[in-house]
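Contents: one structure, followed by commentary.
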Amino acid sequence: MKFASSYEPGEYESDIYAAWEASGIFNPSVPTYPIDDNGDGVDDREGEEFEAYSIVMPPPNANGNLHIGHGLTVALEDSLIRYYRLKGLSTWYVPGADHAGFETWVVYERELEKQGHARFEFNRDELYARVWDFVAEQRGNMELQLRALGASCAWDDLTFTLDENVVDRVYTTFEKMWNDGMIYRGEKLVNFCPKHRTAFADIEVEHKDEKGTLWEIAYDDIVVSTTRPETLFGDTAIAVNPEDKRYKDRIGKTVHLPLTDREIPIIADEHADPEYGTGAVKITPAHDFDDFEVGERHNLERIQVIAEDGTMINVPERYDGLTTEECRKLVLADLKEQGLLKGEKKIEHSVAHCYKCGTVLEPMLKEQWFVDVQKLARVAIEHLEAGEIKFYPDNKRRVVIDYLKNLKDWNISRQIPWGIAIPMFRKITPEATDEPDWIFDRRTNLAEIEKAGVKYIRDEDTFDTWFSSSHWPIVCTGWTEENYNPYYPLNVMETGADILFAWVARMIMMGLYVTGEVPFREVYLHGLVLDAHGKKMSKSKGNVINPMDLVARFGSDAFRLGILRGRSAGMNQAFSENSVIAGRNLCNKLWNIARLVQSIVDEASEHLFSEPASPSSTSYTGTPTEPSLRDEPVGSVRNIRLSRSNRKMLREKGASDASGDYTTSNMGEDWICREINDCLEAVERDMAEYRFAEAVETLYQTIWDKYADWFLESQKLFQNTELLKQTLETLLIALHPFAPFVTEAIWQNLSWTDGFIATAKWPGRLQFDPIAAEQFENIRTIVNEVRGTLQALPGTNNSKKYGLLYDNDSLVQENELLIKNLTKVPTINSLDGAPRGLRLALANHEVYLDVPEKVVVEYKGALTERILAVGRELDALNARMMNPNYVEKAPRHLVKETEEQIEEKQALISRLKRELELI
RNA sequence: GGGUCUUUAGCUCAGUUGGCUAGAGCGCAGCAUUCACAUUGCUGAGGUCAGAGGUUCGAGCCCUCUAAGACCCACCA
């Protein structure tokens, strides 16, 4: 037995993935469909052009586990890859693993601490080797998890962010920038985490609004306001606004710096806001970003008073070595004692924090490597404004441009050992005066090098990970200066909207700088997956949802379908487990659809041949009883078939080849063909515009509400095996990008399919008779009306009690059996004699429910209500037509439609009134 | 301070360039039960589309303002 009564994902998923992977179909060098597609011995690719489709995965942390955001990423990216693979493109989904410089370092440093060590006990090479081993030990989990999610990536091409080719490429770029004069070493204020002892780029800083105190301190007779009294030892001036009358005559004079014996000048600078505090501000160029700039304008001395470990230096002995916090208390106490503390105010201000440990960052004067971003940003802006990259959502393009316009030089030095070493060496042979102080060299494995007799030592810093990550599309596609590479630029960069600036903007700048081309043609940004209540997931809140738990409970497909549901580009959205359950149910539904179709196919082959068609088709021993309606007299079925023209519907060229041609023989068959075609069209349109949720929704409705609930129900009467096979295949293929496992599991279990569905051909359109398809809508209307009315009638089990009568209605007559089957009414008869029972409110059909007079009377209220409702609709339509502007200005087809509707409603309402009178 | 986004059913969300009676899943209520599927079928209730104004023959959709919320950027001592 091939199809169990329910789909159990756990029994299939890992085997299916292993089979895919072993077959090499995820590899881009392999054609995505058989070379000889139609078995005629000729290579079908002859003369065809292969289109490439590439996506590189935003690399998950190599030694971590996937979180739900990765789950979303895979669901989105793999759907695209699988869709375009089915479309016949040569797809390449490059997987990645991130060394996650700072993140991993923080984890490892904690580990070191646990072992009772400090990082300063080891040199950089030792630390690097230790973290490498640590990562190697932990590695692999996330790669298995990607497989569990069904990511159809080319595993042979997995790129680790510390791979040799990555480092090479990063060094090449750095060298080019160095030669182009875009790299400089500067002593600047950087955001520095005293706990992790490293600097950050502006973008890594987390600003939080906090309550603080603004103290007023007297510097002689001038009172300044400050939130950081402990830095006064680093003050080298007082600034006042040049327009400020209060201080005009003091400019150029000096004041005494409290607690010291220094005099500092009073300078005029726009930075001082006369409205704020006392209008005078102390200037500490070494410990404040604004003051640094003021200092540059006025050539002020920079006195560093806080060391990298967060303790005081270069201060009077009394304060030396204290932490900033201790020092602040002591300074305030001393000032108070001397009567210099003039006041304090509670204020709210924004404070920079380490995004990892939350420590308050210290602006620190440090020599670092900077990238002059002016040119990079300018070029990127030009290409963006020219619209070379399409953004989903669209508004993010503008947001990136604005970001790039205000971008400041980029600090790429990090004082952590886990990362790509900066390939710069400092001269230590002082007498070699003609040689530059710094040289570029790739030999970063050496702590010291010699060149032309001059000795240099290595800079111990590593690159900001975003510097190397910005090369991701280049390194993952193996782009080189020499070769044509159809996979670069990428078709799309899919990633989180939260790293739009840190990553996407930098990839654009770097891609253009290195290759001269934008690195991707489109960008799809997804929002955050929030918890069920719309809150951000975080470990501390304990509301983190593990995608692997969901995969284990509901299956990979269910997870993918569930997480895509209702999600749109760039939007944060709450995660709903119910959507995953709905996905699981769809998988099971599809499974059972296949089970039914297979059983029909098996039965048909038993009828055709005295011997079973194939061993597999008879191995099915599911429900032995035949559907009762199949026992209907064959004659009546045949009559229906004969009453329709013998139309042979050839499939469109390019449609799936797995089954033979079909002939539609009843209007339900034409109808489902039309619905499936519409569905395919919608899915194609949605995929082109990254409307994943809509594509899934359409497939869900088509499979469940149309295929199962109407088409398969009608096929219980007349089985069109060829059409069943082909429509099932079509739906399986169409759903495959979103639910790869269940569709493959079914494909493998069906008796007539070959190969993998993962490499099947995207279906063409089905042929059908549009008039017949439209007529089936009438049947649906009749059936719906019968069902609804039966439910509304008093009593239970009405569908068993009352039959259906019709008068002069060929549609009902021809489809008696079908209507009977779908409504479950016991009988359908032509009306003999005068009308009786309850007439259905169908405008164009004379159909009665054969209910006794008593029931009709009881139904009177409902009928009255119905008349009122139709009356309201009619009023609305009439009002529209009374408006001369509508008749004049609205498109003619709409006006005509309104007129027709009015006629229809009027006919209906007068008929209903007559019915009411008769009761 | 600047910017982006959100507000539609009890919950989570769709609603493509304005066009008829605003949809889905889950939840809820009722009915069904030898059926491929209870991970089921059928039926139903539930919405002043945040509020106010405007444009238009016509607005959930476009414009203005207001309110509530989320996020991003920024040097406010």
Side-chain angles (χ1 to χ4, degrees), chain A residues 3 5-7 207 214 224-228 239 271-273 276-277 280-284 288-293 347 349-350 393 395-396 398-399 402-403 406 497-498 500-501 527-528 530 532-534 536 554 558 562 565-568 570-579 581-600 622-623 625 627-629 685-686 689 691 693-694 697 700-701 708-709 712-713 716 784 787-788 790-792 796-800 823-824 869 872-873 876-877 880 883-891 894-895 897-898 901:
Chain A
F3 286 101
S5 67
S6 66
Y7 174 60
H207 288 277
L214 189 66
V224 301
S225 307
T226 181
T227 52
R228 303 211 55 190
H271 167 64
D273 176 1
Y276 193 94
V281 53
K282 69 197 239 353
I283 300 298
T284 324
D288 183 282
F289 288 96
D290 293 331
D291 295 1
F292 181 85
E293 281 176 22
I347 55 155
H349 61 153
S350 134
N395 66 303
K396 297 291 183 188
R398 200 74 248 162
V399 175
D402 289 345
Y403 170 75
N406 299 313
D498 53 333
L500 178 62
F501 299 150
L528 294 177
L530 307 173
H533 308 290
K536 226 175 188 173
F554 304 111
R565 166 156 289 184
R567 225 163 267 280
S568 56
M571 294 290 301
N572 295 350
Q573 198 211 312
F575 175 80
S576 142
E577 191 171 295
N578 280 334
S579 296
I581 290 173
R584 189 263 321 255
N585 294 354
L586 178 67
C587 293
N588 189 59
K589 188 75 187 179
L590 193 60
W591 179 262
N592 276 288
I593 285 170
R595 193 155 91 114
L596 175 64
V597 171
Q598 181 68 64
S599 75
I600 292 171
T623 322
T625 49
S628 57
L629 282 162
R685 215 173 36 238
D686 289 339
E689 289 168 37
R691 296 155 57 86
E694 288 80 355
E697 194 65 37
Y700 189 103
Q701 306 292 340
D709 290 348
L712 285 187
E713 285 306 319
K716 285 176 179 173
N784 281 330
R787 284 172 175 172
L790 284 170
Q791 289 276 344
T796 60
N797 256 327
N798 288 329
S799 69
K800 280 185 183 157
T823 55
K824 307 270 196 279
R872 283 192 295 271
E873 286 167 23
L877 291 169
R880 198 177 301 161
N883 181 347
N885 283 324
Y886 175 72
V887 182
E888 211 174 291
K889 292 181 182 170
L894 281 175
V895 179
E897 213 173 82
T898 311
Q901 280 173 336

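In the text below, chain A, chain B and the rest are named by the order of the sequence lines, each starting its count at 1.
- Checking rA36(B), rC57(B), rC13(B) against the side-chain heavy atoms of Ala574(A) singles out rC13(B) as nearest.
- Using N1 to N3 plus N6-O4 or O6-N4 for Watson-Crick, or N1-O2 and O6-N3 for G-U wobble, each under 3.5 Å, rG25(B) pairs with rC11(B).
- The shortest distance between the side-chain N/O atoms of Ser5(A) and the OP1/OP2 oxygens of rA36(B) is not below 4.0 Å.
- Among the heavy atoms of the strands, none lies under 4.0 Å from Glu577(A).
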ask   = How does protein reach along nucleotides 18-28 of chain B, written 5' to 3' as B (base within reach of a heavy atom under 4.0 Å), S (only sugar-phosphate), or - (no contact)?
value = -BBB--SSS--
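- Remark: the separation of the P atoms in rA50(B) and rC13(B) is 15 Å, to the nearest Å.
- Between the side chain of Gln791(A) and the base of rG30(B) there is at least one donor-acceptor pair of N/O atoms closer than 3.5 Å.
- Judged purely by atom type and a 3.5 angstrom limit, Asn592(A) has no side-chain atom pairing as donor or acceptor with the backbone of Arg595(A).
- Asn588(A) contributes no side-chain N or O that, together with a main-chain N or O of Arg584(A), makes up a donor-acceptor pair within less than 3.5 Å.
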task = Sugar-phosphate atoms are those with a prime plus P, OP1 and OP2; base atoms are the rest. Using that split, label each nucleotide of nucleotides 70-77 of chain B B, S or - for protein heavy atoms under 4.0 Å, 5' to 3'.
result = --SS-B-B
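- Ala693(A) comes within 4.0 angstrom of no nucleic acid atom, judged by non-hydrogen atoms across all strands.
- Between rC42(B) and Asn784(A), no contact under 4.0 Å exists linking OP1 or OP2 to a side-chain N or O.
- Going from the P atom of rA52(B) to that of rG46(B) covers 23 Å, rounded to whole Å.
- Relative orientation of the Phe501(A) and Tyr403(A) rings is parallel, given thresholds of 30° and 60° on the angle between their planes.
- Nucleotides rU43(B) and rC26(B) have their P atoms positioned 15 Å apart, rounded to a whole Å.
- Between rG25(B) and rC61(B), the distance separating the two C1' atoms is 23 Å to the nearest Å.
- For rU16(B), the base has a donor-acceptor partner in the side chain of Arg691(A) [N/O atoms by modelled type, under 3.5 angstrom].
- Inter-residue side-chain proximity for Thr898(A) and Tyr886(A) is flagged as met; some heavy-atom pair is nearer than 4.5 Å.
- Straight-line distance between the P atoms of rC11(B) and rC35(B): roughly 40 Å, to the nearest whole Å.
- Of the two residues near RNA chain B, Lys800(A) and Met571(A), the one whose nearest nucleotide lies more 5' is Met571(A).
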